Structures are given as C-alpha cells and as structure tokens.
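Here's the structure, in structure tokens; my notes come after.
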Number of protein chains: 2
Amino acid sequence: MADLLSVAKLAGVSRATAARAFSSPDLVRPATREKVFNAAQQLAFRPNKIAQQLRSQATQMIGVMVPSLDNPVFAEQLQAMEVAARASGYSLIVTTSEYSPSREGDIVEEMLRQRVDGLVLTVAEADNSAVLNTLRLETTPCLLVYNPPGKSGFPSIGVDNRAASADATRHLITLGHERIGMVAGPLLQSDRARLRFDGYCHAMGEAGLIARSLVEMTRHTQADLKSLIPALQVPEALSAVICTNDLLAISLMGELQRAGFSVPGELSVMGFDGIALGKHLYPSLCTIEQPRAEIGRAAVHTLLAMIRGEKCTPAPLPHALRKGESVGTPTSRKSTLSTL
Amino acid sequence: MADLLSVAKLAGVSRATAARAFSSPDLVRPATREKVFNAAQQLAFRPNKIAQQLRSQATQMIGVMVPSLDNPVFAEQLQAMEVAARASGYSLIVTTSEYSPSREGDIVEEMLRQRVDGLVLTVAEADNSAVLNTLRLETTPCLLVYNPPGKSGFPSIGVDNRAASADATRHLITLGHERIGMVAGPLLQSDRARLRFDGYCHAMGEAGLIARSLVEMTRHTQADLKSLIPALQVPEALSAVICTNDLLAISLMGELQRAGFSVPGELSVMGFDGIALGKHLYPSLCTIEQPRAEIGRAAVHTLLAMIRGEKCTPAPLPHALRKGESVGTPTSRKSTLSTL
DNA sequence: CTAATAAATGAGATCGATCTCATTGCATTC
DNA sequence: GAATGCAATGAGATCGATCTCATTTATTAG
C-alpha cells in the first residue's frame with residue numbers, strides 16, 4: 001500500500017509538503033497541491049490511520065462493552081451509538097462481557113491497550129466493580145450506560161430505574177390491580193434489576209399493598225418459565241406481574257398462553273425496556289420504554305464531551321409508559337393463578 | 001502513560017531488552033527480566049497496541065459491517081463473532097450501513113484506513129456492488145455474510161436461501177396448503193430476499209401450484225402491515241404466507257390477530273431467519289432457522305484463515321426448519337382472507 | 001533594483017514498539 | 001591462557017504521518 005513518502009517522491013516534493021497538501025491544503029501552492037493529489041491518485045494512496053493515531057495520540061475510537069447483543073435493548077442502543085459516532089468521525093470497538101464480571105476486566109484492559117479515546121460500558125454491578133475500580137485510576141474517560149449512577153462515581157446515561165418501575169406498578173394499581181408480582185431473570189445480581197424491584201416495592205407500599213417476594217429464576221429458559229406456572233398456582237391469585245425486562249415478559253406471556261391462560265384476561269403482564277418488537281406482538285407488550293436510541297446517542301455525545309475535557313453529570317433520561325394489550329383490568333378476571 | 005522506554009530506563013536496560021522481556025522472555029536473563037517487570041509494574045506500563053500495529057503491519061482487528069443491529073438476526077450473529085474473535089485475540093470494529101449502499105463505500109474506506117486485517121460484510125447487493133468492486137482491487141481479505149456467493153467472487157458464509165425457502169414452502173404444501181403467498185419487506189432489493197422468492201416459486205411450481213405474485217411493502221411499519229390486511233381480502237383465500245424475514249412475520253402475525261384473524265386458524269404464517277424470540281411467542285413462530293451464531297463463528301474462523309493466506313471457499317451452512325405454532329393445516333380453516 | 005516581509009517548502013525529530021545486526025560478556029575447551 | 005562459541009545486551013533503523021524550525025522562494029515596498 002502506497003504511503004505518503006512514495007506519493008511525495010512521485011510528486012517531487014518532500015513528505016512534509018505532501019502531508020500538508022492533505023491536512024492544510026491552503027499552506028500549499030495550488031500547483032504543488034495538484035501534483036500531490038495526482039500522485040496520490042496514481043498510487044491509490046490511502047492515509048494510514050495507525051500512523052496518524054500514533055503521532056496524534058488520539059484514535060478517534062470508542063470502546064464499547066455491553067453484556068450481550070442477544071438482548072435487543074443493547075443492540076438497539078448500539079445501533080444508535082454507531083450512527084452517532086460515525087457522524088462525529090469516531091469508530092466503535094464493540095465487545096460483550098457475556099454478563100461475566102471477570103471478562104469485563106480483560107476486555108477493558110484490551111481496549112485501553114488499543115488506546116481508545118473513551119469507554120462506554122454497561123457493567124454487571126456499578127458499585128463494587130473491579131473494572132471500574134481500575135478505571136478510576138486511569139485518565140481514559142469512561143461513561144456508564146444503563147447502570148445507575150452511584151458510588152462508582154462515573155457519569156451514567158439511563159433512565160431512573162426506580163421511578164420507572166414505580167410508574168409501571170402504579171399503572172397496574174390505577175387499573176385496579178392489587179395482587180401484583182414481580183418476576184426477575186437470572187440477573188437479579190444486576191444493579192438495575194434491583195432498583196426496579198425497589199421501585200415496585202415502593203409503589204406497592206405507597207398504595208398500601210403488599211409487595212410479593214419476587215420470583216427470581218436461575219436461568220431464563222423455556223423450561224424454567226414453564227416451571228414457573230405451577231409455582232404461580234397457589235392460594236391467593238395474582239392479577240398482574242411485572243417482569244424486569246422485556247425478553248422475560250415476552251417469554252412468560254408466551255408460556256402462559258401456551259399453558260392455556262389468557263393474557264391479560266387471567267394475568268396482566270408488564271415488561272421493562274421497550275424493545276421494538278414488543279409493539280408488534282399480540283397482545284402488544286405493555287412496558288416501560290427506555291429510550292434506547294436516545295440513550296445510545298446521548299452516550300456518544302456525552303463521551304465526546306468528556307474526551308474534550310468537559311466535566312459531565314448527565315441527568316437521567318425520561319422513560320415512558322408504553323401501554324399495551326398485555327395489561328388489562330383485573331375485574332374481568334376469572335383466574336386460577338395464585339400468589340406465592 | 002508510561003512507555004517501554006521509561007520502563008527500560010528505570011530497569012537500567014535498553015529498550016530492546018525491555019521489549020524482549022515481554023515478547024521473548026527466554027532471551028532475557030531471569031534477573032534482568034525481573035528488573036524489567038518490576039519497573040513495568042511500578043510505572044503501570046501498558047503496551048501500546050498502536051505502536052505494535054504500526055510496527056508489525058497487522059492490527060488484529062476485523063472490520064464488520066451489517067445493515068442494522070435493530071434486526072436480531074445481525075445482532076445475534078455479531079454476538080457470536082465477538083466471542084470468537086476475542087478468543088483468537090482479535091477485536092471488532094462494528095459499523096452499520098443502515099441498508100444504504102452509498103454508506104457502504106464510506107464505511108469500508110474508513111475501515112481500510114484503519115488497516116483492519118480483514119472485513120466481514122453484509123452488503124445490500126453482492127452482485128453489482130460498488131464496495132465489492134473496489135475491494136476486489138485491494139489485498140485486504142473480505143468475506144460476505146448472508147449475501148449469497150455469486151458473481152461477486154468473494155467467499156460467503158450463509159445458508160442456501162433458495163433451498164431453504166423451498167423447504168419452507170414444501171413444509172406448508174405437505175401440510176396441505178395450496179394457496180400460499182409470500183410477503184417481502186421493503187428490502188426486496190436485497191439479494192437474499194430475491195433468492196427466497198425464487199425458492200418459493202420453485203417449490204410451488206414443483207407441486208403444480210401457482211406462485212402468487214409477491215406482496216412487497218414499501219416500508220415495514222405497523223400502519224403498512226395493517227393496510228396489507230384488506231389487500232388480502234379478495235376473491236380467493238390464501239391459507240398461508242411466508243414472510244421473507246422473522247421481524248416481518250412477527251409483525252404480520254400481530255396485526256392479523258389484532259384484526260381478529262386467527263393464526264394459524266385462518267392463516268398460517270411462516271418466517272425466515274430464526275431469531276431467538278420467535279421460539280417464545282405464542283403462537284411460536286414457524287420459521288427457517290439460519291444458524292446465526294454458527295454463521296458468526298464460521299465468519300470469524302474463515303476470515304482468520306484468509307488472513308493467514310489460505311484460500312477459502314466455504315460451503316453453505318445448513319438451515320433448519322423450525323416448526324412452530326404459527327403454522328397449521330389448512331383444513332380447519334374458515335377463512336375470510338383472500339388472495340391478491 | 002534591492003531590502004524587507006511573507007509565503008512555500010524541506011530537513012529532521014517524534015510517537016512507541018520491535019527487528020536486525022553488532023558487540024559485550026561469560027563459559028567451555030584444548 | 002588463548003581460542004571458540006553461545007548467551008545476553010545495546011545501538012540504530014523502521015513502520016507512516018505530522019510537527020517544529022530553518023531555509024528557500026516569491027512578493028511587496030521603498
């Protein structure tokens with residue numbers, strides 16, 4: 001691959017002049033500039049970013065780590081990030097921790113070696129995170145996404161999980177539900193899932209209702225969900241459940257219907273996240289919509305500001321309650337489902 | 001950030017020795033090695049990949065371009081790619097073309113400037129693609145994913161779309177369906193969607209059935225899908241439709257049900273892709289499963305082989321027919337849906 | 001037409017790691 | 001004790017672009 005030096009030679013100028021023809025064309029006489037451009041054309045010259053990065057000590061690359069791209073909530077965020085980053089001349093190095101805190105460290109170390117200009121991370125646990133403790137000593141700007149801001153001290157982009165979950169709960173309460181449960185995936189270890197549980201408890205208490213102890217599943221598989229159904233058939237009937245994320249809600253809804261229960265007739269199901277697909281299902285998923293694309297864009301723009309050296313304390317982004325057919329009033333219910 | 005030179009100084013050795021302590025420890029006397037390691041530790045030395053890349057003329061980075069991460073079929077592939085790449089010491093630069101051929105060129109150029117060791121692309125049109133024509137002149141290994149192998153001349157990872165679609169059609173025919181339609185998204189311009197239409201036509205002809213002219217939607221929105229429903233209510237009733245992808249199938253299914261039609265009672269709906277969510281819906285989506293994760297892994301391994309200089313002509317990966325509740329027999333049908 | 005000033009260009013260093021080649025040091029052998 | 005050999009280390013070049021500073025060329029003024 002042709003480099004600047006060969007272009008310069010062919011054009012009969014020095015490296016410096018050839019470089020200037022590209023980076024500051026107005027410092028170069030038009031005639032000379034043309035000679036350089038022609039030479040570059042002939043040799044199919046393509047500037048080497050690596051050399052530029054080494055020289056300029058900036059890579060224009062953002063390191064991104066999400067738990068998994070199998071969950072659309074992260075994929076949709078990433079899609080928006082990519083567009084926003086590219087619009088600002090940045091590229092993304094994308095990695096997935098597969099929900100494993102131990103991998104988080106290796107991944108981040110690798111990205112630091114690559115000298116990314118900044119990091120956008122979603123970690124398992126923002127407080128008490130090994131990676132974040134390491135990063136605190138580094139100068140590379142780092143921004144959290146979805147993780148609640150907190151002791152970690154890092155700026156964070158996302159919604160107020162506690163408030164959002166409380167809103168979801170109140171929505172059900174307003175519809176007349178009283179026996180409301182919460183179902184969490186295998187990731188209750190996740191900080192945001194816990195906040196969602198908090199919010200639910202808060203809203204329940206506020207309405208004088210009993211927050212049921214939460215159903216936490218060890219794994220998120222079809223079999224596990226199925227096994228959840230009999231577990232729901234005990235003394236007191238639940239009329240609604242909130243799932244800590246949409247994937248879980250959709251799966252649960254499917255299993256309930258498959259087992260012959262009507263949603264929302266016998267049980268209302270609410271999700272959390274607002275993945276795009278939920279809108280198109282029947283019944284459509286009632287959920288808390290996190291503005292995934294907006295979160296992605298805000299993450300990029302905030303990080304770029306941090307890279308420029310600005311101090312950033314982003315405010316939580318607004319969530320929205322997305323009504324959906326998966327939630328109804330409890331009145332019409334003739335349930336056989338029971339509480340735990 | 002501390003560099004090797006400062007480590008060398010602190011350790012009282014030359015740069016060369018310090019470098020060797022890391023890259024070929026056995027060439028360095030144990031005592032010296034220790035001095036270097038200690039110095040590195042003290043200075044929090046972190047090797048600079050950029051310098052290594054410039055020197056070694058290899059980045060250990062793979063450039064990936066997919067149309068959009070909003071479609072789980074790409075997100076799931078990418079998830080597997082990331083894990084496979086990391087396992088081999090490679091990183092991914094991820095970009096999205098947003099289905100725009102014009103963006104494809106810029107994106108690939110950018111990745112070439114970054115000197116990625118190889119490219120994994122999903123383009124709009126493999127034959128007659130501007131990007132691929134450019135890349136043909138380059139030495140950077142390039143591999144297509146999902147795009148059918150063809151005139152482009154680039155190796156390609158994916159299933160046999162034509163055969164898979166024919167299998168889907170035959171599945172419906174075997175169940176007794178005769179009036180089978182096909183619904184395509186806004187992307188019939190996409191090469192794979194056309195092959196799927198071909199396969200459908202082929203299987204229909206083979207069974208002596210009439211391949212309906214295909215319904216192509218200009219956009220893939222809820223409103224558009226809704227408008228499709230009356231368009232289906234003409235003279236002859238369809239008993240089944242195949243959608244060119246799962247997202248479309250899921251949305252269609254939702255709209256049909258919302259409009260009061262029973263799936264599969266009045267209309268069987270089949271998808272294509274096999275995104276994970278389809279399994280958990282009710283009715284679960286009957287579809288052609290592309291092995292997304294396997295495709296992602298194969299893409300990485302094949303590309304790495306190409307980078308090593310091996311010639312690669314990967315065989316199509318096997319697809320699978322995933323049975324699902326969205327498809328039934330036409331007998332029980334009391335349809336009001338009609339053909340076009 | 002020359003002096004003074006501005007514009008254009010070139011030489012060389014730099015970013016950080018690594019490779020080649022030369023040199024030093026130590027040990028083995030006769 | 002000198003010679004031969006290998007192990008360990010250092011000096012310097014290299015990867016490709018860009019920046020600083022010096023130098024040359026062009027321009028304007030007097």
Side-chain angles (χ1 to χ4, degrees), chain A residues 1-37 39-40 43-61 89 109-117 139-140, chain B residues 1-37 39-40 43-61 89 109-117 139-140:
Chain A
M1 184 130 318
D3 62 348
L4 244 195
L5 181 54
S6 32
V7 170
K9 278 193 203 145
L10 179 58
V13 300
S14 70
R15 277 171 310 161
T17 303
R20 270 188 287 256
F22 290 103
S23 51
S24 0
D26 36 328
L27 289 184
V28 161
R29 212 176 356 176
T32 316
R33 203 190 306 154
E34 277 313 308
K35 278 193 296 182
V36 173
F37 287 167
L43 297 175
F45 167 68
R46 174 174 293 132
N48 187 323
K49 273 220 153 195
I50 302 176
Q52 293 176 328
Q53 290 165 349
L54 179 60
R55 177 68 234 241
S56 70
Q57 301 288 71
T59 52
Q60 314 248 96
M61 301 214 298
E109 171 64 20
E110 179 65 19
M111 297 199 285
L112 289 176
R113 291 183 177 196
Q114 185 61 59
R115 297 299 192 269
V116 294
D117 289 344
T139 58
T140 306
Chain B
M1 185 127 316
D3 61 349
L4 244 195
L5 181 54
S6 32
V7 170
K9 278 193 204 147
L10 180 58
V13 301
S14 69
R15 277 171 310 160
T17 302
R20 270 189 287 256
F22 290 102
S23 51
S24 359
D26 35 329
L27 290 184
V28 164
R29 210 177 355 175
T32 316
R33 204 191 305 155
E34 277 313 308
K35 279 193 295 179
V36 173
F37 287 166
L43 297 174
F45 168 68
R46 172 174 294 132
N48 187 323
K49 273 220 152 193
I50 302 176
Q52 293 176 326
Q53 290 165 347
L54 179 59
R55 178 67 232 240
S56 68
Q57 301 289 71
T59 52
Q60 314 248 95
M61 302 213 298
E109 171 65 20
E110 180 64 20
M111 296 198 286
L112 289 176
R113 291 184 178 195
Q114 185 62 59
R115 298 297 192 270
V116 294
D117 289 343
T139 57
T140 306

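Residue numbering restarts at 1 for every chain, and letters A, B, ... go by the order of the sequence lines. Owing to the predicted nature of the structure, the values given are computational and were not obtained by experimental measurement.
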Look at the side chain of Arg33(A) and the backbone N and O of Pro25(A), then say whether any donor-acceptor pair between them is shorter than 3.5 Å. yes
What is the 5' to 3' range of DNA chain D, first to last nucleotide, that sits under 4.0 Å from any heavy atom of chain B? dA8(D) to dG16(D)
Is Thr32(B) touching bases, backbone alone, or none of the nucleic acid, heavy atoms closer than 4.0 Å? sugar-phosphate
Would you mind telling me which residue lines up with the more 5' stretch of DNA chain D, Ala51(A) or Val13(B), judged by nearest nucleotide? Val13(B)
Rounding to 0.5 Å, atoms CD1 (Ile50(A)) and CD (Gln57(B)) come to a distance of 7.0 Å
Partners meeting ring-ring contact (aromatic ring centres under 6.0 Å, His included) with Phe22(B) (sequence neighbours left out): Phe37(B), Phe45(B)
Roughly what angle, to 10°, lies between the helix axis at the start of the helix from dC1(C)-dG30(D) to dC30(C)-dG1(D) and the one at its end, five pairs per end? 50°
Please lay out, stage by stage, how Gln114(A) and Gln53(B) fare under the test side chain to side chain contact (heavy atoms under 4.5 Å, CB included). CA-CA 10 Å; Gln114(A) 185 61 59; Gln53(B) 290 165 347; 2.9 Å; yes
Between Thr59(B) and Arg115(B), which heavy-atom pair has the shortest distance, and what is it? OG1-O, 2.8 Å
Find which nucleotide of DNA chain C each of Arg29(B) and Arg46(B) is nearest to by heavy atoms, and output the residue with the more 5' nucleotide. Arg46(B)
Which pair of non-hydrogen atoms, one from Leu54(B) and one from Leu54(A), has the smallest distance, and what is that distance? CD2-CD2, 3.4 Å
On a heavy-atom basis, which atom in Leu4(A) and which in Ala18(A) lie closest, and how many Å separate them? CD2-CB, 3.6 Å
Evaluation steps, side chain to side chain contact (heavy atoms under 4.5 Å, CB included), between Val36(A) and Val13(A): CA-CA 8 Å; Val36(A) 173; Val13(A) 300; 4.0 Å; yes
DNA chain D: 5'-proximal contact among Leu54(A) and Arg33(B) (nearest heavy atom): Arg33(B)
